[in-house]
Every structure is written in C-alpha cells, then in structure tokens.
Amino acid sequence: MSSLDRFAQHKLDDLKRRNLYRSMAETLREDGIWVERAGRRLLSFSCNDYLNLTQHPAIKQAAQAAIEKYGAGSGASRLVTGNHPLYAALESRLAAVKQAEAACVFGSGYLANAGIIPVLAGPDDLVIADELSHACLFAGAQLSRGKVLTFRHNDLDHLRTLLAGHRAAYPHVLIVTDGVFSMDGDLAPLGDLNALADEFDAWLMTDDAQGLGVMGGGRGSSFSGNSQVPVPLQMGTLSKAIGSYGGYICGSAPVIDLIRNRARTVVYSTGLPPSSVAASIAALDLIEREPAYATLPVQKARAFTHRAGLPAAQSPIVPVIVGDEQKALDASRLLADEGYLAAAIRPPTVPKGTARLRLTFTAQHPDDAIERLADIVRDRILVH
Ligand SMILES: *Cc1c(COP(=O)(O)O)cnc(C)c1O
C-alpha cells in the first residue's frame, strides 16, 4: 500500500470507528416526494425540494427549451463568453423579488459565499458569524484572511459585546448569518441584527438558502407581510425551493458591480448551464403566480410538530434531536422500515452530542403520511 492509500485508509477507519463514516446511497427521485433506494420505495422527508419544483412539468420544459436554444453548457466564465441572455432575465427577477437594486448569480450557493465574503472583507477586517451558520459562510470567511469571530447562536447580547469590544480595531466588519438555519430550522432575528449592524457601522449579510420560496410569501426570511428588514447583502441558493441550481446575491448597484468584478468564483469559474438558469426563472414565475403554494411547506411542518409534541416549526425544517450518532442512524433505519426516508445528520455537520434526524416538509407531502410519521417519531423515537 502506498503512503497515500495508507493515509486515506487510516482516516476512513477512524471515521468508521466513530460512527461518522458516510456513504452516498444511489437515490432515484421519481417525483417531488417519492424516492427509490436499494429497491425500496420511500417517502422522502430529506429533500430540500420544498415546493417539489425539481420535477414540475413547466419547469422541466423551460430547461429543455433552453438547451435547444442555447446548448448544454455555457462554455466559459460569465466575464468571457458564458453570459448567455438568460442571466440578465434571472438577475432582474431576483433583484425584484428581494426589492434590491441588483443581483449577481453564481455557480452555487457555496461558490457564492466563497466568492462574496473575500470581496467585502480583507486581511485587516473582521468577520463575525453566528456559530451555527452554514459551512460555506465559514469557508468564505476563512478565504477573506481576515479575523473571524463567532457569536453564540442567535444571541444578540453576545454579538453586541463582540462589536463593542472589537469594532474600533478594524476598518470594516461583516456580520454573517443564515436567515433560516439549515440544520435547526429556526430563524435569525433579522430586524434586531440589522439594527445592531447599523449601530456599529457593520455590514449584515444573510444566507437565505433555506428561506427563498418558502418564507415571507416566497420572498425569503427578511420579508413578512408587506414589510421587509432592509438587509444590505441578501445571499441565497437556487437549488432548494427553486428546484434548480446556482447561487445569488442581491444588493445595491455598486456592491453587485464590485462583486461581479472581484468575486473569484465568478471570474474564474464557468457560467451555469442555460437550462439551470431557465429553470430558475420558470420557478420564480410560478412562485409569483401562486404565493399560497409557497406557504404549504411551513404549514405541513407545523402540523407535524403539533402532533409529535415538538416546539412549533418556524420553517419547513424540523430537527428531531437524539444526541448520539448511533441513535440517529438507528432512528433513520427504523423510519426506512416504515417507508420513510429521513437522513441522520451527524457531526461535524451539527455540534457533537446533537446528532439528529433532519426532517424537511414539502408542499406535496400527504397529510395522512405526515400524521403517521409524527406518531412514529413521538412514540418510538423520542421516548428513548
Ligand atoms: C444549502 C445551503 C448552502 C449551499 O448552497 P448550494 O447551492 O447547495 O451550494 C448555503 N447556505 C445554506 C444556509 C444552505 O442551506
């Protein structure tokens, strides 16, 4: 065995010993909710396809038409020749949805965060992140080569203490947080965060990957009714409720122009395939036409938490925390035997001691299947 293979095998053995080894199970997604895995048909509560748009006929049709018209790939980075005409349409749609001046689309949400943060913060600057922020916000923060601090989850007092203690030492301070936390399903206090950022002349950036399409009437977690928290940097993904692929940021015209010029994941990475961009546009059309449809995932999640005796869901994401890695795997297996797909989420994706099932509710989940799932979770998983 070469030293390289020995290195890999040693790391793998260690992961297995700690119940942290992962494998990719081949999964055939038949429609918006059913999947086939190892010959079994399971009702999935693990997809982020909240509005089941990955399989929507009109959206698939839009993607196919884009392939016919513009080809399968974009052929270069957007600044060279990859900026096909669908990009401008998508970016003006996104800016309108977020009530921002402009938008810039990236290859994915991860690429967006890896590109945006180093544009806004450099080695002399400070990035402060909620401790439960998505991994790619931390990746972007590391790439900035600035100082990175974390505040306790949703703890405004702790954030204030950090700002009071550190603000003066840095030319610029960027505060980053998820809008909807991806593994806990709770919401950031965006109004208070925005006010605190203003008070200290810090810049607030929200990652609303899990909010677009399902919160705030489909506009995301900084919207509620007719009011909006004016977050200056609103980032998100097109790969969850939108059902396609890609990431984006909305903001003021100069900020977006700077990002187009300087974000390395835009400059040095190929543009999205036209089909992905077309699918996103079609999905945003659909959400705008049917805003009531966008409220269904949260309603379904609430019906579940009510029946299971859990705290009321704030988003379509409901964590069922069991603590131990092995227990999470056992709970996932028990649900598979009952016909449900509910993936076990383990460290380092979540903090140690909080291994869980992460359930996600989508518009088309049947109510009776949700009730039965709630009964199983209440009577056979949470009792231990
Ligand atoms: C999924 C997710 C991302 C990554 O988006 P991709 O488009 O899948 O790369 C970023 N942030 C949060 C909060 C997410 O949930």
Side-chain angles (χ1 to χ4, degrees), residues 24 27 29 45-51 53-54 90-91 94 98 103-118 127 129-143 150 153-154 174-188 190 193 204-216 220-222 231 233-250 263-266 269-273 275-277 279-280 283-284 297-298 301 314-319 343 345 348-351 356 358-362:
M24 296 181 183
T27 308
R29 298 186 61 238
F45 283 86
S46 287
C47 303
N48 297 319
D49 188 9
Y50 299 116
L51 299 174
L53 298 185
T54 59
L90 177 57
E91 288 175 342
L94 285 167
K98 295 292 185 183
C104 180
V105 168
F106 288 73
S108 72
Y110 198 112
L111 286 172
N113 282 334
I116 296 159
I117 296 174
V127 180
D130 184 290
E131 63 183 346
L132 294 187
S133 295
H134 194 269
C136 59
L137 282 170
F138 286 103
Q142 295 299 337
L143 287 168
T150 56
H153 178 50
N154 279 349
L174 182 66
I175 300 170
V176 299
T177 181
D178 289 14
V180 176
F181 285 87
S182 56
M183 294 298 136
D184 294 80
D186 56 344
L187 310 179
L190 293 182
L193 284 171
L204 179 63
M205 171 168 162
T206 55
D207 175 341
D208 210 24
Q210 306 283 353
L212 179 66
V214 291
M215 306 300 298
S221 60
S222 58
V231 176
L233 299 158
Q234 306 181 70
M235 173 272 163
T237 183
L238 302 163
S239 61
K240 287 169 181 156
I242 303 303
S244 178
Y245 201 64
Y248 67 87
I249 181 150
C250 295
R264 297 174 70 84
T265 52
V266 170
S269 189
T270 301
L272 281 168
S275 51
S276 300
V277 179
S280 294
L284 290 170
V298 179
Q314 298 175 46
S315 76
I317 302 165
V318 176
I345 308 286
T349 309
V350 292
R356 67 195 66 186
R358 171 184 181 265
L359 303 177
T360 51
F361 292 81
T362 77

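One-based numbering, in listed order, for ligands and for the atoms of each.
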Heavy atom of Gly247, distance to ligand 1 below 4.0 Å: no
For [X], take its heavy atoms, then give the atoms of ligand 1 lying under 4.0 Å from any of them.
X: Gln210; value: 14 (C), 15 (O)
X: Ser182; value: 15 (O)
X: Thr237; value: 5 (O), 6 (P), 7 (O)
X: Tyr110; value: 4 (C), 5 (O), 6 (P), 9 (O)

Name the closest protein heavy atom to [atom], giving the residue it belongs to and the distance to 0.1 Å.
atom: atom 1 (C) of ligand 1; answer: Lys240 NZ, 1.3 Å
atom: atom 8 (O) of ligand 1; answer: Ser239 OG, 3.5 Å
atom: atom 5 (O) of ligand 1; answer: Gly109 CA, 3.4 Å
atom: atom 11 (N) of ligand 1; answer: Asp207 OD2, 2.5 Å

Under 3.5 Å: donor-acceptor pair, side chain of [X], backbone of [Y]:
X: Ser315; Y: Gly185; result: yes
X: Asp49; Y: Thr54; result: yes
X: Asn113; Y: Gly140; result: no
X: Ser46; Y: Thr360; result: no
X: Asp208; Y: Gly236; result: no
X: Asp186; Y: Gln314; result: no

Thr177 and Thr206, any side-chain heavy atoms less than 4.5 Å apart: yes
Would [X] count as being in polar contact with ligand 1, using the rule that some N or O on each side must be under 3.5 angstrom apart?
X: Asp178; result: no
X: Asn113; result: no
X: Tyr245; result: no

Partner of Arg358 by side chain to side chain donor-acceptor pair (under 3.5 Å), out of Thr349, Asn48, Asp184: Asn48
